[in-house]
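Sequence lines set the chain letters: A, B, ... in the order given, protein chains first and strands last, and positions in each chain run from 1. These values consider heavy atoms only, across backbone and side chains, with no hydrogens, waters or symmetry-generated copies.
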There are 2 protein chains.
Amino acid sequence: MRRGEPDTAPNGRPDAPGGAATRPPSQADVAALAGVSSQTVSRVVSGRAKVEEATRRRVVDAMQILGYRANTAARALATGRFHTIGVLGFTFGAHGNARTLQAISEQAQDAGYSVTVMTVRRHTEGALREAVTALGDQAVDGIVLIDPQILDRPGLELPTGVPVVISDGNPDRRYPSVNNDQTAGARGAVDHLLGLGHRTVWHLAGPRDSYAAQQRAAAWHAALKAAGVPIPPIVYGDWSAQSGYEAGRAIATAGEATAVFAANDHMALGLMRALDDAGVSVPGDLSVVGFDDVAEAAFFKPPLTTVHYDFEQLGRECVSLLLRLIAEPSADARVAVAPTPLIVRGSTAPPPSRAGGSGRH
Amino acid sequence: MRRGEPDTAPNGRPDAPGGAATRPPSQADVAALAGVSSQTVSRVVSGRAKVEEATRRRVVDAMQILGYRANTAARALATGRFHTIGVLGFTFGAHGNARTLQAISEQAQDAGYSVTVMTVRRHTEGALREAVTALGDQAVDGIVLIDPQILDRPGLELPTGVPVVISDGNPDRRYPSVNNDQTAGARGAVDHLLGLGHRTVWHLAGPRDSYAAQQRAAAWHAALKAAGVPIPPIVYGDWSAQSGYEAGRAIATAGEATAVFAANDHMALGLMRALDDAGVSVPGDLSVVGFDDVAEAAFFKPPLTTVHYDFEQLGRECVSLLLRLIAEPSADARVAVAPTPLIVRGSTAPPPSRAGGSGRH
DNA sequence: ACAGTATGAACGGACACTTGA
DNA sequence: CTCAAGTGTCCGTTCATACTG
């Protein structure tokens, strides 16, 4: 039914009859109704040029009547700008990413940008290429990479020509990144525990391929080294409470640790549960510190001492930086990092006194 | 630098010199390089028409060399299809919505669709209109409404002309919806508790404006009524653990309840924490059932008995239905609901024996 | 007549330039 | 000469149709 004058209603006013709407109203329709040229409609819409007030009103009224909405595709085609940013990640279902995405969405919306989410499947080769391809199909003005380890994927090629900002990523790479101060957070956790008198602090780390996990582990290591205390082996989890539980069983069995710094709150929860099952009291026998400060952490039993992480600010800063780079590709990419204060609750205490014996088994 | 022949390189091959890429390659560029017409390139891209194999190869090679990506805006303009679905909600940072969004994203991607997230701010009038306007700006082929109470907003007008599917929404409304079986889930929770011998079951509900919360509360009410047991007053929370904690204090103070069905796991967590603080043992003195079955619920103390909720299936079904409606607006909107089985863990038990006295204060 | 290929008009909006008071 | 409004071209694709060997 494209260009056929015979079988279609005249282009001028396609939805006049009460039937199904043929197509959305265009600038031309508005112009016709308002008795002006479509150029004038464009002026009114963009607000970038002078239009006489009376004319403007007529146009606005016509838009109202017809229910005119600008066609983003046409606008994007003409301007080369999509007013859309893409967010690329493994998953948006996980706590931290979800909060970051929400902040990104709000900040982008305030700036008049839409947000397109692009999921990279963890385990399929093809899907990876697909997601990135879609992102490269000239549909976004910029990209926030929310799971930076995606960059380690072989065969990955981020689209060139659009700016990319990495959320919580490796600053050594070729893209600018926005980071909360994970190092300070981890150090704060370790120092808190050492300050309570613990001889050393164990670490329940996130997965090896996570940059955030690596950073936290490195900061933990550095803090112990700086304090000159022995460095226990790292125990690895996968961010899940389940993995924390398994780690907790191992730690309880080993029976050496008096303090554990977990790389996120969910693992800390599983850890505490395993310790409880093993008859190890938290914080009486063993102190636990988490990371993230999820809203539930204060209601764990015991309430979890944890490092507060500001995902919202992270997301907002990513958008700010990205929009700056979109407007001015050579813009300064410095970004202020958000602090990561330690929230002390009930899961940490001085180690059990030597006098009382370590005999908790 | 638009149409000026004088000050611009000839349109034919703008990025030939090694300088900064002027603009992405177009079909015309590919066609020129391959020595065919751009129409032939279009055919190769769409695969919808016969092209001689040798020609096809030349075109594909040319696309490779130039790094050609189809311009989605131009395609959308020409076809009227955006291959994008919009997801509209209050927040994607909350647990359930985040998981649903992730499932939507994956399912949409598999079908070749992008996903645009549109956040409606809870408390600003203007922003609401803005979000919906953006969504209505002819940029999506369909919408999944993930927070159906958005529909209750005064002045809200969802764009017409694109199909809308509601996730977990009121089926009485004008849009088709996909629902997990919340009613069965809530009934299962209540029946489980009554089956354990509790005289009645209290309900810690979600916020009044949430349709999901309403449905769970209604099912709880119906189950009690069907059992012919007394119906305690509803206690309201806001989904947060904090609100669960406050409710828990009130319930502990009242001292009447022996069983509480909480409308989500996070409130159940706060509830249990408050009970513990008040010296009420769970499940010894009081049983608690949650709703959602978050991954952490098994690691609460005690492990939470809860109704399992399949957000992933919910999201997938929403996309399936929406794509069906996009392809065929009059398609059948029936959708199979996912079961919501009760997962029995450690937070439920028979009520304290009357003999032992109810005297826990 | 047949198989492939070339042609040119939309799609809706933006913008440089032009025209009318 | 200023300022509001109009004209015409182009953005990159798709699709119907005309063309060619």
Side-chain angles (χ1 to χ4, degrees), chain A residues 1-8 10-12 14 22-32 34-59 63 66 68-83 137-139, chain B residues 1-8 10-12 14 22-32 34-59 63 66 68-83 137-139:
Chain A
M1 71 158 72
R2 184 64 85 67
R3 67 212 278 248
E5 289 85 312
D7 54 25
T8 318
N11 264 355
T22 323
R23 72 170 163 73
S26 68
Q27 271 189 359
D29 299 325
V30 175
V36 299
S37 76
S38 69
Q39 170 54 17
T40 301
V41 177
S42 180
R43 280 196 238 273
V44 170
V45 170
S46 75
R48 251 197 301 283
K50 296 250 177 278
V51 175
E52 205 167 286
E53 181 54 26
T55 313
R56 206 189 66 79
R57 272 233 64 83
R58 283 216 313 283
V59 171
M63 295 198 303
L66 294 171
Y68 169 76
R69 313 272 79 193
N71 181 317
T72 50
R75 196 203 302 269
L77 178 59
T79 62
R81 286 302 184 78
F82 300 88
H83 282 91
D137 275 353
Q138 305 170 39
Chain B
M1 70 158 74
R2 185 62 85 66
R3 67 208 277 248
E5 288 87 306
D7 55 24
T8 319
N11 264 353
T22 324
R23 70 170 166 72
S26 69
Q27 272 188 359
D29 298 325
V30 174
V36 299
S37 76
S38 71
Q39 168 54 15
T40 303
V41 176
S42 181
R43 279 199 231 277
V44 170
V45 170
S46 74
R48 253 197 300 282
K50 297 244 178 282
V51 175
E52 204 169 286
E53 179 54 26
T55 312
R56 207 188 64 80
R57 271 230 68 79
R58 284 215 313 284
V59 171
M63 295 198 302
L66 293 171
Y68 169 75
R69 313 272 80 196
N71 182 319
T72 49
R75 196 202 304 269
L77 178 58
T79 62
R81 289 300 185 79
F82 300 88
H83 282 91
D137 275 354
Q138 304 170 38

Give the rounded distance in Å between these two atoms: [atom1] of [X] and [atom2] of [N].
{"X": "A/R75", "N": "C/dC11", "atom1": "CZ", "atom2": "C1'", "result": "15 Å"}
{"X": "B/R58", "N": "C/dG4", "atom1": "CZ", "atom2": "C1'", "result": "12 Å"}
{"X": "B/H83", "N": "D/dT13", "atom1": "NE2", "atom2": "P", "result": "15 Å"}
{"X": "B/E53", "N": "C/dG4", "atom1": "CD", "atom2": "P", "result": "12 Å"}
{"X": "B/F82", "N": "D/dG12", "atom1": "CZ", "atom2": "P", "result": "18 Å"}
{"X": "B/D29", "N": "D/dG12", "atom1": "CG", "atom2": "P", "result": "8 Å"}

What nucleotide, of [options], holds the atom closest to the side chain of [X]?
{"X": "A/T55", "options": "C/dG13, D/dA5, D/dT13", "answer": "D/dA5"}
{"X": "A/L77", "options": "C/dA6, C/dA14, D/dG12", "answer": "D/dG12"}
{"X": "B/E52", "options": "C/dG4, C/dG13, C/dA6", "answer": "C/dG4"}
{"X": "B/Q39", "options": "D/dT13, D/dA16, D/dG6", "answer": "D/dA16"}
{"X": "B/S26", "options": "D/dA4, D/dG12, D/dT14", "answer": "D/dG12"}
{"X": "B/A78", "options": "C/dC11, D/dT7, C/dG12", "answer": "C/dC11"}
{"X": "B/A74", "options": "D/dG12, D/dA4, D/dA5", "answer": "D/dG12"}
{"X": "B/R43", "options": "D/dT13, C/dA14, C/dT5", "answer": "C/dT5"}
{"X": "A/N71", "options": "C/dT7, C/dG12, D/dA5", "answer": "C/dG12"}

* Return the set of residues passing salt bridge (Lys or Arg N to Asp or Glu O under 4.0 Å) with B/R56 (not counting sequence neighbours), or none when no residue passes. => B/E53
* Partners of B/R81 by salt bridge (Lys or Arg N to Asp or Glu O under 4.0 Å), sequence neighbours excluded? ->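 Per chain and number, B/R81 pairs via salt bridge (Lys or Arg N to Asp or Glu O under 4.0 Å) with no residue.
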* To do: Give the minimum heavy-atom separation between B/A70 and B/R75, together with the two atoms involved.
  => CB-NH2, 2.9 Å
* So which heavy atom on B/F82 is nearest to which on B/A76, and how close? ->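 Residues B/F82 and B/A76, closest heavy atoms: CD2-CB, 3.8 Å.
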* With rounding to the nearest 0.5 Å, note down the distance linking CZ in A/R43 to OG in A/S37. =>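 Here the rounded value is 7.0 Å.
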* Could you give the distance from OG1 (B/T72) to CG (A/L77), rounded to the nearest 0.5 Å? ->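 CG of A/L77 is found 9.5 Å from OG1 of B/T72.
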Within the pair [X] and [N], is there a side-chain N or O less than 4.0 Å away from OP1 or OP2?
{"X": "A/S37", "N": "D/dG6", "result": "yes"}
{"X": "A/Q27", "N": "C/dA14", "result": "yes"}
{"X": "B/T40", "N": "C/dA6", "result": "yes"}
{"X": "B/S42", "N": "D/dT14", "result": "yes"}

* For residues A/M63 and A/V45, determine if any side-chain heavy atom of one lies less than 4.5 Å from a side-chain heavy atom of the other. => yes
* To do: Measure the shortest side-chain to side-chain distance between A/P24 and A/R69 over non-hydrogen atoms and say whether it is less than 4.5 angstrom.
  => no
* Asked: Under 4.0 angstrom, heavy atoms only, what part of the nucleic acid is A/V51 near: base, sugar-phosphate, or nothing?
  -> sugar-phosphate
* Hey, what bend do you get for the helix from C/dC2-D/dG21 to C/dA21-D/dT2 if you fit axes on five pairs at each end, rounded to 10°? -> 60°
